[in-house]
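Heads up, the thing below is written out as structure tokens.
From a predicted model like this one, the values you see are computed outputs, not experimental measurements.
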Amino acid sequence: GEEMDKVIAKLAEAGENNLRGVIDNAHFNDEAKLGSGKEMVDKLSGLIAIFQRDEFNFKKNKASGDDILGDAYEYLMRHFATESGKSKGQFYTPAEVSRILAKVIGIDSIEERDEGYSVYDPACGSGSLLIRAADEAPFEIAIWGQEKEVTTAGLAKMNLVLHNKAAGEIRAGNTFSAPRYFEEGSDDEVLKRFDFAVANPPFSLKNWTDGLKDYGRFDGYGDRPPEKNGDFAWLLHILKSLKSTGKAAVILPHGVLFRGNAEGTIRENLIRTGYIKGIIGLPTNLFYGTGIPACIIIIDKEDADERTGIFMIDASHDFEKDGNKNRLRERDIYKIVKTFNEQIADNPHYARFVPMSEIAGKNGYNLNISRYIDSGIGEDLQSIEAHLKGGIPAYDIDGMEQYWSVFGQLKNKLFSVLREGFYQLNVPKDEVRTLIHEDEEFSSYADKIDAAFMAWRSEVDEELHCINAYVDAKDLIVRMAE
């Protein structure tokens with residue numbers, strides 16, 4: 001046990017690890033916990049034997065770009081968050097959500113410069129969100145994080161080390177009463193400013209004003225965040241901590257989009273600054289510790305004075321069930337990121353650019369997404385008349401307009417008017433499939449799809465046949481999907 005303690009102490013001091021007080025808190029020579037003599041030796045030998053098993057030997061791993069130890073550590077944290085529920089779940093942001101935040105702030109398109117770049121998280125928890133953001137950068141950038149809970153800050157430090165980011169700075173302390181980062185030469189009076197920020201702070205924090213020090217964080221927005229709700233306090237702190245061209249993505253509960261009183265005043269003034277570039281509505285029950293719906297608010301200070309609206313996405317319906325939680329699928333993440341980064345607004349039921357005139361004039365600075373985007377998911381309407389008298393309700397057939405716009409003649413081949421408001425089939429139901437497949441427009445469209453697939457296949461076939469152990473599978477999938 002004493003020898004194990006010595007080895008761990010050396011690891012804590014090694015290089016840039018800075019793990020003093022993190023991994024050297026465990027003592028393997030403690031007779032009160034491990035017993036004495038042979039009992040201690042047997043317990044510690046059993047522990048060491050676990051890590052000597054063949055399945056933990058990663059020397060032969062050829063998965064380029066896969067950080068096995070770091071990912072294994074994050075896997076354990078995710079399951080700890082799942083099992084711990086509300087009490088401990090807040091320290092971990094689901095990887096799928098972290099990836100979205102990292103990809104919508106533009107960190108992947110930065111170009112090298114002498115002063116470097118920085119990314120910051122004022123409520124970093126276990127550090128997973130910071131790591132995701134830093135991984136998106138095309139080169140190494142400075143990592144800065146603060147976490148209120150000392151033990152959780154230790155988790156974050158370990159997480160950085162295991163993901164080869166030991167140079168990252170994580171400090172423990174209350175972001176509101178004792179922020180840890182200040183501009184050099186300011187005598188700890190001016191908060192340090194960063195290029196990027198990402199955050200998933202505790203929702204609706206009730207005691208955020210305990211020991212509060214202002215540092216001008218809440219000035220200029222017409223009011224102060226309510227004492228019993230810290231959602232806007234986090235957002236304003238992040239704004240104060242960004243450079244004049246800084247960008248951020250913050251997860252907050254939906255209430256920040258529409259609550260009134262002081263928060264309504266702050267929201268109005270914030271919208272007027274032009275800092276809010278986008279809002280993404282997320283599915284409910286994604287996060288550990290809470291099932292309430294949340295949104296991502298994307299901040300971009302650059303060119304804020306020229307911003308004429310806010311890009312909104314309603315992604316609340318795209319997910320899969322995973323046990324007692326909801327989870328974003330790979331295709332959901334791709335759809336959100338591509339839609340936002342390319343400002344795609346061809347489906348008004350999913351995303352649209354909302355002009356400031358509509359936000360201010362028509363909706364009084366209320367940002368509730370449902371005011372601007374109709375999800376288009378209607379009720380399953382039942383027609384009593386159709387059940388009693390027969391026929392197909394016209395709204396069911398006419399609602400397939402996207403289909404009929406491509407296959408113009410098919411609608412008339414399949415249906416005719418039975419009476420006002422109702423259609424009837426022109427062929428027996430067993431012959432519907434045959435009629436569709438024999439339709440010239442449908443066949444022509446199917447040929448186009450086949451030709452597109454064959455063209456793609458000929459382009460990627462050689463590369464797919466040359467896959468070996470050194471291919472970065474993740475990168476390959478993304479490139480081929482594009």
Side-chain angles (χ1 to χ4, degrees), residues 65-68 70-85 88-108 119 121 123-137 155-156 159 163 196-203 248-254 278-298 312-342 350-351 369 472-475 477-478 481-482:
D66 282 352
D67 192 340
I68 292 179
D71 289 348
Y73 183 73
E74 193 164 324
Y75 170 85
L76 293 173
M77 286 194 296
R78 175 164 66 86
H79 280 271
F80 177 64
T82 303
E83 296 298 323
S84 300
K88 297 294 183 184
Q90 63 186 18
F91 76 83
Y92 181 77
T93 303
E96 299 83 10
V97 183
S98 297
R99 287 167 57 195
I100 294 172
L101 269 70
K103 290 176 180 293
V104 297
I105 55 176
I107 202 169
D108 60 326
V119 61
D121 186 344
C124 69
S126 61
S128 300
L129 182 49
L130 266 176
I131 290 168
R132 287 276 188 278
D135 280 343
E136 283 297 312
L155 286 176
N159 207 3
H163 282 90
F196 298 96
V198 288
N200 178 20
F203 289 177
V250 189
I251 300 169
L252 291 171
H254 257 234
I279 300 170
I280 300 170
L282 297 172
T284 59
N285 205 27
L286 282 181
F287 300 96
Y288 304 101
T290 180
I292 65 174
C295 62
I296 301 173
I297 296 181
I298 299 99
M312 296 188 184
I313 296 176
D314 180 7
S316 60
H317 302 287
D318 297 338
F319 62 90
E320 68 177 356
K321 294 292 294 181
D322 183 11
N324 63 350
K325 306 299 293 181
N326 293 331
R327 182 181 296 277
L328 294 172
R329 298 159 295 190
E330 200 66 34
R331 67 173 183 257
D332 303 326
I333 299 168
Y334 179 85
K335 182 179 178 183
I336 292 170
V337 172
K338 188 174 183 65
T339 299
F340 183 81
N341 286 343
E342 298 183 15
Y350 182 75
I369 296 174
D472 186 331
K474 293 178 182 177
D475 177 65
I477 291 169
V478 171
E482 291 286 354

Next item on the list: Output all residues satisfying salt bridge (charged side-chain N to carboxylate O under 4.0 Å, His left out) with Asp108, sequence neighbours left out; order by chain, then residue number.
Entry: none
Item checked: Minimal non-hydrogen separation, Asn285 against Lys321, with atom names -> ND2-NZ, 4.5 Å
Margin query: Measuring from atom CD1 of Ile298 to atom CD1 of Ile313, what distance do you get when rounded to the nearest 0.5 angstrom?
Written below: 7.0 Å
Notebook entry, point to check: At what distance, to the nearest 0.5 angstrom, does CD of Glu96 lie from CG of Asn326?
Noted result: 11.5 Å
Next item on the list: Under the side chain to side chain donor-acceptor pair (under 3.5 Å) rule, collect the residues that match up with Tyr334, sequence neighbours excluded.
Entry: Glu482
Item checked: Ile251 and Phe287, any side-chain heavy atoms less than 4.5 Å apart -> yes
Checklist line | Set of residues satisfying salt bridge (charged side-chain N to carboxylate O under 4.0 Å, His left out) with respect to Asp314, sequence neighbours excluded | finding: none
Check: Which atom names give the shortest non-hydrogen contact between Gly125 and Ala156, and what distance separates them?
Finding: O-CB, 3.4 Å
Margin query: Could you measure the distance from the CD1 atom of Ile107 to the CZ atom of Phe196? Nearest 0.5 Å is fine.
Written below: 5.0 Å
Margin query: Please evaluate residues Leu328 and Ile100 with respect to the criterion side-chain contact (heavy atoms from CB on, under 4.5 Å), reporting the C-alpha separation (whole Å), side-chain torsions for both, the decisive distance (0.1 Å), and the verdict.
Written below: CA-CA 10 Å; Leu328 294 172; Ile100 294 172; 3.6 Å; yes
Check: For the residue pair Ala102 and Ala133, what are the closest heavy atoms and their distance?
Finding: CB-CA, 3.6 Å
Next item on the list: Rounded to the nearest 0.5 Å, what's the gap from CG on Leu252 to CD1 on Ile297? Could you check?
Entry: 5.0 Å
Checklist line | Sole candidate of Val119, Val97, Leu101 that passes side-chain contact (heavy atoms from CB on, under 4.5 Å) when paired with Leu129 | finding: Leu101
Item checked: Listed partners of Arg329 passing salt bridge (charged side-chain N to carboxylate O under 4.0 Å, His left out), at least two apart -> Asp332
Margin query: Looking at every heavy atom in both Phe340 and Gly278, which two are closest together, and how far apart are they?
Written below: CE1-CA, 3.7 Å
Checklist line | Ala199: partners by side-chain contact (heavy atoms from CB on, under 4.5 Å), with sequence neighbours left out | finding: Asp121, Pro122, Pro201, Ile238, Val250
Note to self: Quick check: closest heavy atoms across Ser126 and Asn159, and the distance to 0.1 Å?
What the structure shows: O-ND2, 3.0 Å
Check: In Å and rounded to the nearest 0.5 Å, what is the CD to CD1 distance from Glu136 to Ile105?
Finding: 8.5 Å
Item checked: Non-hydrogen side-chain atoms of Val104 and Asn341 separated by less than 4.5 Å -> yes
Notebook entry, point to check: What distance do His254 atom NE2 and Phe203 atom CZ have between them, rounded to the nearest 0.5 Å?
Noted result: 9.5 Å
Margin query: Holding to salt bridge (charged side-chain N to carboxylate O under 4.0 Å, His left out), I want the full list of residues that pass it with Glu320, two or more places apart in sequence or in another chain.
Written below: none
Check: Any idea which heavy atoms bring Pro202 and Ala123 closest together, and the distance?
Finding: CD-CB, 4.3 Å
